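Proteins get letters first, then strands, A, B, ... in listed order; numbering begins at 1 in each. Note that this is a predicted model, so its numbers are computed, not measured.
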2 protein chains.
Amino acid sequence: MNRNIRITIIEDDETIRNGYAYLIDATEGYDVVSTYVSFDEAAKKIAADHPDVILLDIELPGVNGIDAIPKLKKLLPQCFVLILTVYESEKLIFNALANGASGYLTKNTPSAKIVESIKEVKEGGGPMSINIAKLVIKSFQKNQESPLSKRETQILELIGEGKSRSQIARDLFIDLETVRSHIKNIYIKLDVNSRADAIKMAKQNKLI
Amino acid sequence: MNRNIRITIIEDDETIRNGYAYLIDATEGYDVVSTYVSFDEAAKKIAADHPDVILLDIELPGVNGIDAIPKLKKLLPQCFVLILTVYESEKLIFNALANGASGYLTKNTPSAKIVESIKEVKEGGGPMSINIAKLVIKSFQKNQESPLSKRETQILELIGEGKSRSQIARDLFIDLETVRSHIKNIYIKLDVNSRADAIKMAKQNKLI
DNA sequence: TAATTAATCACCCTTTTAGGGTGATTTTTT
DNA sequence: AAAAAATCACCCTAAAAGGGTGATTAATTA
């Protein structure tokens, strides 16, 4: 039989912390095994709590939530970290995920949804608030009205992979001079004059 | 007052197509305005349907769903495309999103959830099945046990941006020779001997 | 504390690459 | 028919890349 899901909450606001703790602990199948007000507090004892899921706030005193993630994952490699915050900035989201967070919920999420997300993350899912999902999806979407032609985009992608002109020529079965010609046109269209600037421009405008 | 959400379904399997059409159309606030068996079929008439949301299958006869997305967006720039498919391959998901899809659901999604997702996408959300969300989140996560040091990772990132040794040296306020030294160590650790191979390795192993 | 790793810099060397200029030809697409 | 895209050619110079073989000084970890 499945044992209860063990949860630790790291959140500095007492009201929110106790509110979530009460709500989640009251739910069948969920145990809130510990709560902490900061990462520094948590670091000392959390390993002994062996939680399955950590609910982590971002705006914490001392070490912030984002930086806490890799440290927590080091202490508890099997544990899932679920971010629960008011922030919806793209940078924070991507940094949190890059650092090993398994999900990202905003605090306006209904508590039933939070409880559900804890289970999802435990079962290997990746819960996100819909507004977060929107940002994530947007980050994948390329600019549909690129000034570059197909071939130019293709070549710019290869430049983004660090390939030289001659490598690109070999990859595309075209002449080195043709590649040069395309790159020149790319530079004119993007108004740049180096690979680095072209890549920067391309990423800014989501051309690649 | 809000008018009903207009939906078009493009799906080649008759049973599935009619099933979804019936289910969604029966829901208060949702109108299925048209259904098509392929993009080629749809292309002729879909503009006149002016749907708000298109439910799109990937495995279609003729033009596949992925390639159909940009064409549909061109015909109906304001319209949202929601992918509904059995495929869960990373490549397909990312290509679909890159091509302009606003959400990605797998066909095992309960119909109530599909109906809800249509509304979400209409309201600017980004619905995803939880298994899809997991893949998407995983794609953001970096390898926590990189063989590279912090500085090496930092330099590899700049190489990934197409920067030259001297540019990197300027960016980091260190000597050109120090950059060289780091790059040499990166090459040794990754067992490569060119920028392109280093970037490839780094991306494969999610080091950057 | 001793040993290892990380980060810094130096100078040897050759080949490749990048970027600018200025063309042309042939497909495609509009 | 005109415009855009894709192809190739040859001029040029400076910069960059990659390999080798060192050393010194922090940090960090065993």
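Judged by distance alone with a 3.5 Å cut-off, a donor-acceptor contact links the side chain of A:Arg165 to the base of C:dG19. With hydrogens and angles left out, the side chain of B:Ser181 and the base of C:dT8 share a donor-acceptor pair within 3.5 Å.
Place A:Tyr187 and B:Glu177 on DNA chain C by their nearest nucleotides, and B:Glu177 ends up nearer the 5' end. Nearest-nucleotide assignment on DNA chain C puts the 5′-proximal partner with B:Lys150, out of B:Lys150 and B:Lys184.
Residue A:Asn193 places at least one side-chain N or O under 4.0 Å from the OP1 or OP2 atom of C:dG20. Taking side-chain N and O atoms only, B:Arg151 has no distance below 4.0 Å to OP1 or OP2 of C:dA6. For B:His182 and C:dT8, the shortest distance from a side-chain N or O to OP1 or OP2 is below 4.0 Å.
Summarising the geometry, the separation between CD1 on B:Ile155 and P on C:dA6 is reported as 13 Å, rounded to the nearest angstrom. Between B:Ile186 atom CD1 and C:dA7 atom P the separation is 10 Å, expressed in whole Å. Distance, B:Glu152 CD to C:dA6 C1': 8 Å, rounded to whole Å. At whole-Å resolution of the value, CG in B:Leu148 and P in C:dA6 are 9 Å apart. In this entry the distance linking CG of B:Asn185 with P of C:dA7 reads 10 Å, nearest Å. In this entry the distance linking CZ of B:Phe173 with C1' of C:dA7 reads 17 Å, nearest Å. In this structure, CD1 of A:Ile174 is placed 15 Å from C1' of C:dT27, rounded to the nearest angstrom.
The nearest pair of heavy atoms linking A:Ser129 to A:Thr106 is OG-N, 2.9 Å.
Side-chain contact between B:Val115 and B:Ile24 is present, with heavy atoms from C-beta onward closer than 4.5 Å. In this structure, the side chains of B:Leu135 and B:Asn131 stay at 4.5 Å or more apart for every pair of heavy atoms.
Side-chain N or O atoms of B:Tyr87 include none that pairs as donor or acceptor with a backbone N or O of B:Leu92 at under 3.5 Å. Not one N or O on the side chain of B:Arg17 forms a donor-acceptor pair closer than 3.5 Å with the backbone of B:Val37.
First and last contacting nucleotides of DNA chain D toward chain A (any atom under 4.0 angstrom from a heavy atom, 5' to 3' order): D:dA5 to D:dC11.
Within 4.0 Å of B:Thr178, counting heavy atoms only, lies at least one base atom of the nucleic acid. Residue A:Arg180 is classed as a base contact, given a heavy-atom separation below 4.0 Å to a base.
Under the ring-ring contact (aromatic ring centres under 6.0 Å, His included) criterion, B:Phe140 pairs with A:Phe94, A:Phe140, not counting sequence neighbours. Partners of B:Asn193 by side-chain contact (heavy atoms from CB on, under 4.5 Å), not counting sequence neighbours, listed by chain and number: B:Asp197.
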